[in-house]
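Structure first, then comments.
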Amino acid sequence: MSLTRHDQHVPLDYFSSLLLKTIHDAIIVRDFADQRIYLWNLEAEELYGKSAQEAVGQHYTTLLQPRSLSGPADRDEILGREGEWEGELSQIGSDGRPIIVHSRQTLLQDQNGKLTLVLEVNRDLTERKRLEQDMQGYVQLATTAGDLGLWSYDFIEQPEAVISYHEVPNLLPAGIPVDLTHYQKLVHPADWQPSLTAVEQAVQMHQDYIDEIRLIEPDGKMRWLSVRGRPMYDEQGHPQRMLGVAFDITERKRMEETLRASELKLRRLVEANIVGIAITTLSGQILEANDIFLSLVGYTREELQAGKLSWRTITPPEYQQTSEQAVEELRQHGICKPIEKAYVNKEGKQVSVLLAATRLDENTDHCICFILDITERKELEKQREVLIGIISHELRTPLTAIKGNIQLAQRRFHRYIQDRQTQSSLTSSSIAKIEVSLEQALRQIRVQERLINDLLESTRIEDGTLTITRQPCDLLHIIHETVDDMRFINPTRTFQLEFPAQETIQINADPGRISQVLANYIINAFKYSPEDSPVRVGVIIEEREVRVWVQDEGPGIPPEVQPYVWERFYRIPGSGGQNTSSKSFGLGLYICRVLIAEHGGQVGVESEAGKGSTFWFSLPR
Ligand code: ADP
């Protein structure tokens, strides 16, 4: 190593001991007064990318443009005064890029005191600085992207220990240390002591401190933090600090709680044993079931837990297809609407059930099924079918026979009277009495017939077995025939007809059904209006529809109950009707409404109390 300046010689021994010690650092010796460089070692050559030849004799400040990053800025002044300067410098390398160094500068004087030199020993910090910067970048990224809070806790500084949080929004601003007492105020009182104990334990055991604590915001809102800290020790093993991270788990906690609450609700529902509930897989396994379900199928909980129960094996063959459809529905839509099916219980008996199910989530094939035992209802339905059969055959058939016989008797009696008019032994009053009795018997039979028919008809509507056969027909003809029938049944009543000029009104309908509706309106008019008042029947032709109406001079129907007269089994309270044939179920108008709706038409009534009623129905043309 040369210690020569272009014009002077400097004694080497003066520096040798120092130089040897710091051989791995860049060493520059310069004249304190004129800044000229005397010495430039190999490390300096490498660090600044300039050879000693190029550097020696140059002006130090011009060459390296040093700038203080730390330590006092007025370096030369301090050197002159104190003989030493230490700090971080930014200097410029040969390619113009900044070089960060830790620099120690010492003032040296030669023996005769003529020359004052500065010995500068520089350690390259550029790489370390870059790493530091990178680290900071990573930390910032992690804290913002991962919503992570950073904290440190100083054991040595106690009791004024500070927790320095990176950030807990609204509560702990980033980078501002909080002292322990302030921090304590934020922590939920119940969590404070346990968290201190946990920290102590972690320190003793040389383990991480792992905790969940609640912080209370000024407005009382609670925030859950998941906290993890790592104790740091000095060389003697004394705890120094704890470095930690924290993240907000409020949302997760809230979800856990909602989940727990809904699980609890579900459990309640299952255990309430109101309906049968089973958790099953789509493939068939019954994983869980409540008591109701178990007693329905007759298996024990032990048998269920042994995994013996599959809904496929307890489903009878005739319901397999229905079940498969339900499974398909569950696969596609996540739910299956109520279906009726049956299970074979352990004793081999079939139990009818109503089943609805929903998938528990999309990831598993687990379903929750709700099962209602409808065996009793099914039994009742069967009984009802039997009853309907009895009504239609055992009651109606003899009634028809009786009616026929009475009508036959009437005719024979008439002929008998006519044949023996003069030599009759019967007095005219006796004849009249027999005729009246026969007529009354017939009327009672008609009433009964109508009641039975209404019952059957409404049952058919409920079962969906009502049949309507439409065909092109003449509405006027239907009305005339019906009115004639009604005249025949009730010869004492007068009719007033208001028909349009047309000869025919063509419609597409079931003539028998239309006649049935009109007859019902007319019979109601008979029932609910005085004997001596007329019944008016009319037709109005409109652009798209035709309207048939029946008007009576009865008591009328108050507007508030008008909508109800079309309902099943509804009768206006106290409306006894005018005569004995008024016994009824309140089914007639209901049947009329359904029949007309089936034809695509409408029904209605216009009436005021005390002013009679006008019932109408419309049919599309
Ligand atoms: P019901 O067989 O009892 O007559 P409906 O369904 O035919 O049953 O009629 C329902 C109720 O509407 C009747 O009970 C009666 O109270 C009332 N109602 C029906 N038609 C008339 C009418 N023309 N005048 C007054 N009230 C009527």
Side-chain angles (χ1 to χ4, degrees), residues 391 395-396 399 443-462 466 479 482-483 485-487 489-490 492-498 512-540 547-599 601-618:
I391 295 176
L395 289 183
R396 204 158 60 148
L399 204 62
R443 209 174 278 180
Q444 293 294 341
I445 286 170
R446 282 203 194 96
V447 169
Q448 268 199 40
E449 207 175 30
R450 230 193 34 253
L451 289 178
I452 291 174
N453 283 343
D454 278 1
L455 262 186
L456 283 174
E457 204 80 304
S458 90
T459 318
R460 283 192 199 111
I461 293 174
E462 295 307 301
L466 187 89
I479 298 173
T482 314
V483 170
D485 286 351
M486 293 295 110
R487 272 206 182 100
I489 295 175
N490 213 334
T492 52
R493 295 298 293 246
T494 47
F495 280 94
Q496 288 175 5
L497 305 179
E498 290 181 23
R513 296 304 194 178
I514 301 304
S515 169
Q516 185 183 342
V517 173
L518 180 59
N520 211 307
Y521 281 8
I522 295 174
I523 291 168
N524 277 357
F526 287 167
K527 275 200 290 192
Y528 299 108
S529 68
E531 269 289 324
D532 55 359
S533 66
V535 174
R536 293 167 67 220
V537 179
V539 185
I540 304 166
R547 212 178 252 243
V548 181
W549 53 265
V550 176
Q551 196 178 53
D552 63 54
E553 293 179 6
I557 300 171
E560 61 274 16
V561 301
Q562 283 176 14
Y564 301 110
V565 297
W566 307 98
E567 281 177 16
R568 212 150 77 102
F569 299 121
Y570 181 82
R571 306 193 60 211
I572 298 175
S575 70
Q578 298 290 315
N579 47 47
T580 47
S581 60
S582 67
K583 289 190 185 58
S584 67
F585 291 131
L587 285 171
L589 291 178
Y590 160 70
I591 296 167
C592 291
R593 171 170 64 83
V594 175
L595 287 176
I596 294 299
E598 287 288 315
H599 279 86
Q602 283 180 321
V603 295
V605 58
E606 280 146 29
S607 175
E608 267 179 65
K611 292 197 177 157
S613 322
T614 308
F615 279 87
W616 58 264
F617 65 85
S618 66

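Atoms within each ligand, like the ligands themselves, are counted from 1 in listed order. For the single chain, residues carry numbers from 1 onward in sequence order.
Proximity of Ile557 to ligand 1, defined as any heavy-atom pair under 4.0 Å, is confined to the side chain (atoms from C-beta onward). Contacts with ligand 1 closer than 4.0 Å are made by backbone heavy atoms (N, CA, C, O) of Tyr570 only, the side chain lying farther away.
Between Glu449 and Arg446, none of the side-chain N atoms (NZ, or NE/NH1/NH2) sits under 4.0 Å from a carboxylate O, so this pair counts as no salt bridge. One finds no salt bridge joining Arg513 and Glu598 here, because no Lys/Arg side-chain nitrogen approaches an Asp/Glu carboxylate oxygen to under 4.0 Å.
In this structure, Phe615 is part of the shell of residues with a heavy atom less than 4.0 angstrom from ligand 1. For the pair Gly554 and ligand 1, no heavy-atom separation below 4.0 Å is found.
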In sequence, state the C-alpha distance, the side-chain angles, and the governing distance for Ile522 and Phe495, and then conclude on side-chain contact (heavy atoms from CB on, under 4.5 Å). CA-CA 10 Å; Ile522 295 174; Phe495 280 94; 3.7 Å; yes
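Under a 4.0 Å criterion applied to the non-hydrogen atoms of Ser613, ligand 1 contributes the atoms 24 (N). Close contacts between ligand 1 and Lys527 involve ligand atoms 1 (P), 2 (O), 4 (O) [criterion: under 4.0 Å to a heavy atom].
Where the criterion is an N or O separation shorter than 3.5 Å, residue side chain and backbone included, Tyr528 meets it with respect to ligand 1. The N/O atoms of Pro555, backbone and side chain alike, include none that comes under 3.5 Å of an N/O atom in ligand 1. No N or O atom of Phe585 sits closer than 3.5 Å to an N or O atom of ligand 1. For ligand 1, the polar-atom distance check against Asp454 finds no nitrogen or oxygen pair separated by under 3.5 Å.
Sorted by first and then second residue, the salt bridge (Lys or Arg N to Asp or Glu O under 4.0 Å) pairs involving residues 552-561 (not counting sequence neighbours) form an empty list.
Atom CD1 of Ile540 and atom OG of Ser618 lie 10.5 Å apart (nearest 0.5 Å).
Note: Phe615 and Trp566 have perpendicular aromatic rings, judged against thresholds of 30 and 60 degrees for the angle between ring planes.
Here the side chain of Ser607 pairs a donor or acceptor atom with the backbone of Gly612 at under 3.5 angstrom.
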